[in-house]
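Inspection log for the structure reproduced underneath, given as structure tokens.
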Amino acid sequence: MMETPDANVRIGAKLKHARLLMGLSLSELGQRVGVTEGYLSKLENGRSQASLATLHKLVQALDTNMSTLFAAAPEGEGAVTVVRAKERPRLETGHLRAGNQVVLERLVPHRPDQLLQINIHVIPSGGGSPDFISHGGQEFGYVLAGAFTLVVDGHERALSEGDSFYFDSSLPHGYRNDGEAEARVLWVNTPPTF
């Protein structure tokens, strides 16, 4: 199940909007994040997909968070928000050939009062987030299917279906799927800074 081409365009438009609000040129933002002006232009125009680590650097440099990239109107109003399984916002990051492909399925839409960020990380065989990131907060995960390797502060942990994990988000962390099957991980961050 792949993301629609329109999703890349929406994310690119949101990145461009945030950049323009900060009064940054493509060149200035590229220098802050460590990518080229041309690459940023492709991202903003929906012609390329960034890795999870690059998106994280971009939203930090733009003084926003990953939740804003997913912002969509949820079903209903009031005390209960419903996101239908077939209507989950999906963000495909990276490229399988580069070994950094991950798909995030948003389970809870972004709201200003939100304390948790909850996604399903879909990690294809050979995919992952090999570039280490760190940010404020805490993370919890539960492996729904498959297996993957979680690396936190230099320590590797092999995890498989039914396993759970928890760590402080300020520690450098990343993950990879060296197995032959796709891994699906319920992943919770607090606060929703990512």
Side-chain angles (χ1 to χ4, degrees), residues 1-15 18 49-56 58-60 64-94 96 100-125 127-129 133-150 152 157 159-170 173-177 179 181-194:
M1 184 162 59
M2 298 298 285
E3 177 183 47
T4 64
D6 291 343
N8 282 339
V9 173
R10 284 192 309 272
I11 289 165
K14 289 177 182 182
L15 290 171
Q49 296 173 168
S51 69
L52 203 54
T54 300
L55 279 176
H56 187 262
L58 281 167
V59 296
Q60 283 185 322
T64 186
N65 61 49
M66 293 284 282
S67 295
T68 61
L69 298 179
F70 284 98
E75 178 182 310
E77 295 181 25
V80 177
T81 300
V82 175
V83 178
R84 302 288 177 196
K86 293 183 179 180
E87 297 171 2
R88 280 186 202 136
R90 293 171 50 90
L91 173 64
E92 186 173 322
T93 67
L96 191 56
N100 62 1
Q101 185 177 42
V102 177
V103 175
L104 302 179
E105 294 181 3
R106 177 61 109 204
L107 297 177
V108 178
H110 176 67
R111 295 183 352 195
D113 62 343
Q114 181 179 335
L115 299 176
L116 299 174
Q117 181 176 16
I118 307 169
N119 298 305
I120 295 176
H121 287 220
V122 181
I123 314 163
S125 174
S129 181
I133 60 174
S134 60
H135 48 91
Q138 300 171 349
E139 302 188 31
F140 162 83
Y142 178 79
V143 184
L144 300 168
F148 77 109
T149 301
L150 175 67
V152 178
R157 299 288 190 261
L159 300 163
S160 58
E161 187 173 328
D163 291 344
S164 61
F165 59 87
Y166 170 89
F167 61 91
D168 185 312
S169 304
S170 67
H173 55 280
Y175 54 88
R176 66 182 183 275
N177 180 352
E182 173 183 274
R184 295 179 60 82
V185 183
L186 175 67
W187 208 296
V188 181
N189 291 48
T190 187
T193 56
F194 179 66

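- The minimum heavy-atom distance between Pro89 and Val83, with the atom names listed, is CD-CG1, 4.3 Å.
- Rounding to the nearest 0.5 Å places NE2 of His135 at 8.0 Å from CD of Gln60.
- Note that the OG atom of Ser170 and the CD atom of Gln138 stand 9.5 Å from one another [nearest 0.5 Å].
- Checked against the 6.0 Å centroid criterion, the rings of Phe148 and His121 do not qualify as a close aromatic pair.
- Panel note: side chain Asn100, backbone Ser51; no donor-acceptor pair is recorded below 3.5 Å.
- Between Pro191 and Gly136, the closest heavy-atom pair is CD-O, 4.2 Å.
- Glu182 contributes no side-chain N or O that, together with a main-chain N or O of Ile123, makes up a donor-acceptor pair within less than 3.5 Å.
- Considering only heavy atoms from C-beta on, Val152 stays 4.5 Å or farther from Glu139 through its side chain.
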Leu159 vs Tyr175, test: side-chain contact (heavy atoms from CB on, under 4.5 Å). Steps then yes/no.
CA-CA 10 Å; Leu159 300 163; Tyr175 54 88; over 6 Å; no
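- In plain terms, the two heavy atoms of Ile120 and Leu107 that are nearest each other are CG1-CD1, 3.7 Å.
- Separation of atoms CZ (Arg184) and CD (Glu105) is listed at 4.5 Å; rounding is to 0.5 Å.
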Could you walk me through whether Leu116 and Val108 satisfy the side-chain contact (heavy atoms from CB on, under 4.5 Å) test, starting with their C-alpha distance in whole Å, then the side-chain angles of each, then the deciding distance to 0.1 Å, before giving a yes or no?
CA-CA 8 Å; Leu116 299 174; Val108 178; over 6 Å; no
Before you tell me yes or no, could you show the steps for Arg157 and Asp163 under side-chain contact (heavy atoms from CB on, under 4.5 Å), namely the whole-Å CA-CA distance, both residues' side-chain angles and the distance that decides it to 0.1 Å?
CA-CA 11 Å; Arg157 299 288 190 261; Asp163 291 344; over 6 Å; no
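- Legend: residues meeting ring pair (Phe, Tyr, Trp, His ring centres under 6.0 Å) with Phe167, ordered by chain and number and at least two apart, are His173.
- In this structure, Arg106 and Arg88 approach most closely via the heavy-atom pair O-CG, 3.5 Å.
- Contact record, Ser160 with Val143: O-CB, 3.4 Å, taken as the closest heavy-atom pair.
- Nearest heavy atoms, Ala147 versus Ala183: O-CB, 3.5 Å.
- Taking CG from Asn119 and CG from Asn189, the interatomic distance works out to 7.5 Å, rounded to the nearest 0.5 Å.
- When atom types are taken as modelled, the side chain of Ser125 and the backbone of Gly179 share a donor-acceptor pair closer than 3.5 angstrom.
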Test Thr93 against Thr54 for side-chain contact (heavy atoms from CB on, under 4.5 Å), laying out the working first.
CA-CA 9 Å; Thr93 67; Thr54 300; over 6 Å; no
